[in-house]
Every structure is written in structure tokens, then in C-alpha cells.
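This report concerns only the one structure given below.
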Amino acid sequence: MHPYRMCESLLGLARAHAALGQAHEAAGHARRALATAREYGFGSLEARARHLLMDGEPAARRASAHLPPG
């Protein structure tokens with residue numbers, strides 16, 4: 001698969017997981033997309049991945065606040 005398509009697919013997976021409230025999985029896909037975009041110099045995809053990560057971090061903190069201790 002071409003790296004640009006792979007980044008797009010990873011971002012799609014990240015958005016899907018975020019929509020389902022699965023912040024940890026969404027962040028993992030977004031981080032992988034970010035790393036791939038940086039490696040191949042895809043600036044627009046890098047910006048999209050960074051934006052998705054920044055949007056997901058507050059959601060992850062909110063979700064983890066509702067987890068029982070331990």
C-alpha cells in the first residue's frame with residue numbers, strides 16, 4: 001500500500017475509534033499516521049494527525065476520569 005493511502009486509512013480508523021469513544025485506540029492510529037506522515041514528508045496528513053491527537057487527548061482524560069481506581 002502506498003504510504004499516503006496508509007496514512008489516510010490510519011486517520012480514518014482513528015476518527016472511527018474516536019466516534020465510538022475509544023480514545024486509546026484512536027490515539028494509537030493517529031500516532032502511527034503522524035509517524036508515517038513525518039517519515040515521508042506528507043505535511044497535510046501530518047497536520048491532520050496532529051489535530052486529531054490534540055482533539056483526542058481531552059476526550060481520553062475525560063474517559064479515564066470515569067474509570068474505577070486500580
Side-chain angles (χ1 to χ4, degrees):
M1 178 183 285
H2 190 275
Y4 193 90
R5 288 271 187 212
M6 185 171 64
C7 284
E8 287 182 324
S9 295
L10 287 166
L11 289 172
L13 284 169
R15 283 190 299 274
H17 280 290
L20 293 171
Q22 300 169 342
H24 182 74
E25 290 83 357
H29 291 303
R31 278 190 213 98
R32 181 70 180 118
L34 179 61
T36 303
R38 282 183 180 161
E39 180 180 348
Y40 289 95
F42 302 139
S44 62
L45 290 177
E46 183 179 344
R48 287 171 43 194
R50 259 195 328 266
H51 182 72
L52 193 58
L53 277 170
M54 285 189 288
D55 282 350
E57 287 176 4
R61 284 195 298 272
R62 284 193 306 270
S64 65
H66 296 289
L67 294 175

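Given the structure is predicted, the values throughout are model-derived calculations rather than measurements.
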Single-linkage hydrophobic cluster, 4.5 Å side-chain cutoff, [X] and [Y] together:
X: L45; Y: L52; result: yes
X: L53; Y: L13; result: no
X: L10; Y: Y40; result: no

For this session: Report yes or no: do T36 and R32 form a side-chain donor-acceptor pair below 3.5 Å?
Result: yes
State the [atom1]-[atom2] distance between [X] and [Y], to the nearest 0.5 angstrom.
X: R31; Y: L34; atom1: CZ; atom2: CG; value: 9.5 Å
X: L11; Y: H29; atom1: CG; atom2: NE2; value: 10.5 Å
X: S9; Y: H2; atom1: OG; atom2: NE2; value: 12.5 Å
X: R50; Y: R38; atom1: CZ; atom2: CZ; value: 6.5 Å

Seminar exercise, completed: Closest non-hydrogen atoms of A18 and A26, given as atom of the first, atom of the second and distance, are N-CB, 3.7 Å
Problem set entry | Which atom of A30 lies closest to which atom of A49, heavy atoms considered |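 A30 and A49 have their closest heavy atoms at O-CB, 3.8 Å.
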For this session: Report the relative orientation of the aromatic rings in F42 and Y4; use parallel for angles under 30°, tilted for 30 to 60°, perpendicular for over 60°.
Result: perpendicular
For this session: In sequence, state the C-alpha distance, the side-chain angles, and the governing distance for R15 and R48, and then conclude on side chain to side chain contact (heavy atoms under 4.5 Å, CB included).
Result: CA-CA 11 Å; R15 283 190 299 274; R48 287 171 43 194; 3.9 Å; yes
